[in-house]
Amino acid sequence: MKRVMYSGAGLLLIALAFLLFNAFSGLVFTHARLDLTEQKLYTISEGTKTILEGLDKPIELDFFYSDEATKGLVALRNYARRVEELLRAYERESGGKLKLHVVDPEPFSEEEDRAAELGLQAVPLNQGGDKVYFGLAATNADGRTQSIPFFALDQEEFLEYELSRLVQSLASPQMPVVGVLSDLPITGGFDMRTQQATPPWTVLEQIRQLFHIESLERNVDMIPANVSVLMLVHPKALPEPTLYAIDQFVMRGGKLLVFLDPYSEADPGMGFMPGEPGDGKGSNLTPLLKAWGVHMAPDRVVLDAANAMSVGVGEERRPVRHPGWLSLPQQTMDTDDVTTASLESLTMATAGFLEPLENATTRFTPLVQSSTYAMPIEAQRFATLENPEVLLRDLEPTGERYTLVARIQGPARSAYPDGIEGRKDGLKDSASINVIAVADTDLLADRMWVQVQDFFGQRMPQPWADNGTFVVNALDNLSGTDALISVRSRGRFARPFVVVEELQRQAENRFREKEEALQQRLAATEAQLAELQGPNADGAIELTAEQQAALQRYMQEKLRIRKELREVRYQLNADIDALGRLLKFFNIALVPLVLTLGVLLTCLWRRRRTA
């Protein structure tokens, strides 16, 4: 038997058996997967499985990817493979309800025309005119089509969310209904100063493109059953039946997007009037927020020196930083939540702050926060404010980050567990509520984020901040089922080398300290050289023997310092190079050495046993 195994025919048979096993496993174990990543990045989430199980009618998926044109783009090809693998997983999990077709749209082909017709975006590849398609079009049984024009490489952690949202939107043919209850004139009104009608706010026009809007009166005592998301804007002294209706809507699983404000500059009210809450510029939902485990101070506005917006003051419109008007960059937002992940900037004016209550049963997730250079002040100071510089001078940062936007999820009790007069049969609690609370209403006003121009009778919005996108994102996320909301971000696919980065930071710190000291020595040496090489006090150009010796000494010192600087720069990555060599040793040499040693020990043990 041993002779056969070690003969040429035996080795040929082993190689043939290996190839047959690979072919067999490729056919039989095609769908077998083992996800060993820390965050299970390549495993479909339970939320997606719920969505796919609920499909009633088939959906055709056309994945357009320019395979031939992207042969030299390694990053794009790797991501395309990831997208296709995930789509295949969707197809398997759907039980035949999803049908995937992978299409390579070659230039000037019918496939390219079809991709453009379905709304996919062609990205120029080079100056020669070559284009790349990398998107998805989905069509349901009724012929309705939706698409992802292009899969952005920097949004990979939201890939599953986008695919699940696309599938769910096609499974539900009707547009989601957003109920809007507002104490601000967002639907348009009449400006008493100009004596002219005012158009609807731009944010409402953007919402109308994706959702069906149903306006609600402030004295409504029952939120209609067809409302998917309730958008509550600046609720001021709502009657108890309306508060109870909102409470019961949330308790029975309705989603809520609420905009509150301690001082709404968009409110045309008369300012602060103690004892007359209806005429004030503040709004709150204290009884409901308390039941949901959240508190918002009704009369406190957040000042933020780091994110203060520049505004014009006086007749000459002198630019001044206003710490009550905030221009919030991406660093202040939660990049793991789909509502805020793609935003670059938000603008707010006289915003309040939200905080979780102790012993709350809900989960409080900050979506937008101030910087640490912030502090709260009395809201009524803005009623008579003329120069924002006063606020900046008085600002004493607390070092705390204040939450301006939060997501509230989880089990909660009703604010009215015993009901109200005439209505005692309501729900007393909910296993899971879904609320996004914003401590500002001014971000909805046009002047805070968009410039609207009249172009031949058409209103052309030109946004300069992402306020409108944020509102649409929030409504889009909340209008989905709990299964879709649970998908959200699946974690980062790009895993940084944290050990290497820490070594690099430590090396850079050492480098900067030593380099600074050497640079100071070098500057002092060069100054002494310049003094010696220049004419002396008597105007003589010739140097004495002592001066020549000193000059020679300083020249050598300069050369030595410059050599030390080069050595310091060379040592900058020495620790990283050493770590790289160690890893190479483990990967290339150590494992084969251990295996070889194991084989030798096994052979030795067998020989001794035989002897």
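Quick note: numbers below take in every heavy atom, side chains included, and nothing from hydrogens, waters or symmetry partners. Position 1 is the first residue of the sequence; numbering continues from there.
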*Please tell me if the side chains of Val250 and Trp292 come closer than 4.5 Å, counting only heavy atoms from C-beta onward.*
yes

*What distance do Ser430 atom OG and Lys428 atom NZ have between them, rounded to the nearest 0.5 Å?*
14.5 Å

*Does a side chain donor of either Asn307 or Ser327 reach within less than 3.5 Å of an acceptor in the other side chain?*
no

_Using a 6.0 Å cut-off, check whether atom NZ of Lys71 has over 12 heavy atoms from anything other than its own residue._
no

*Enter the distance from Ser414:OG to Asp247:CG here, rounded to the nearest 0.5 Å.*
3.5 Å

*For the pair Arg77 and Asp67, evaluate salt bridge (Lys or Arg N to Asp or Glu O under 4.0 Å) and give the outcome as yes or no after the intermediate values.*
CA-CA 8 Å; Arg77 293 182 71 84; Asp67 185 55; 3.1 Å; yes

*Taking C-beta and beyond as the side chain, do Arg401 and Ser371 meet within less than 4.5 Å on heavy atoms?*
no

*Where is the tightest heavy-atom contact between Ser164 and Tyr90, given as atom of each residue plus distance?*
OG-OH, 2.7 Å

*Indicate yes or no: at least one non-hydrogen side-chain atom of Trp449 is less than 4.5 angstrom from one of Leu443.*
no

*asked:* Side chains of Val132 and Tyr65, heavy atoms from C-beta outward: is any pair under 4.5 Å?
replied: no

*So do Leu444 and Leu184 actually touch side chain to side chain, heavy atoms under 4.5 Å?*
no

*Within-4.5 Å side-chain heavy-atom neighbours: Leu230 and Ile246*: yes

*Ionic contact status for Glu91 with Arg88, cut-off 4.0 Å*: yes

*Leu289 versus Met296: any side-chain heavy-atom pair under 4.5 Å?*
yes

*Rounded to the nearest 0.5 Å, how far does CD of Glu46 lie from CD of Glu53?*
8.0 Å

*Going by the angle between their ring planes, with limits at 30° and 60°, are Tyr79 and Phe134 parallel, tilted or perpendicular?*
perpendicular

*Nearest 0.5 Å, what's the CD1-CH2 distance between Ile207 and Trp201?*
11.5 Å

*Rounded to the nearest 0.5 Å, how far does CG of Leu204 lie from CD of Gln206?*
10.0 Å

*Can you find a side-chain donor-acceptor pair between Gln146 and Ser169 that sits under 3.5 Å?*
yes

*NZ/NE/NH1/NH2 to OD/OE distance under 4.0 Å, Asp62 and Arg114*: yes

*Which value, rounded to the nearest 0.5 Å, describes the distance between Ile408 atom CD1 and Ile436 atom CD1?*
9.5 Å

*Would you check, one step at a time, whether the test side-chain hydrogen bond (donor to acceptor under 3.5 Å, both in side chains) holds for Asp104 with Tyr133?*
CA-CA 8 Å; Asp104 183 359; Tyr133 284 92; over 6 Å; no

*For Gln369, does its backbone N or O pair with a side-chain atom of Thr403 as donor and acceptor, under 3.5 Å?*
no

*Charged N to carboxylate O under 4.0 angstrom, Asp334 versus Arg407?*
no

*Which atom of Met251 lies closest to which atom of Ala412, heavy atoms considered*: SD-O, 3.9 Å

*Mind listing the closest non-hydrogen atom pair of Glu111 and Phe64 along with its distance?*
O-CE2, 3.7 Å

*Does a donor on one side chain sit under 3.5 Å from an acceptor on the other, for Glu160 and Ser45?*
yes

*asked:* For Tyr402 and Phe353, I'd like to know if the aromatic rings sit close, meaning centre-to-centre distance below 6.0 Å.
replied: yes

*What closest approach, in Å, do Lys131 and Ala122 show between heavy atoms, and which atom pair accounts for it?*
CD-CB, 3.8 Å

*Whether over 12 other heavy atoms sit under 6.0 Å from Glu344 CD*: no

_I need the minimum non-hydrogen distance between Arg218 and Pro239, along with the two atoms involved._
O-CD, 3.6 Å

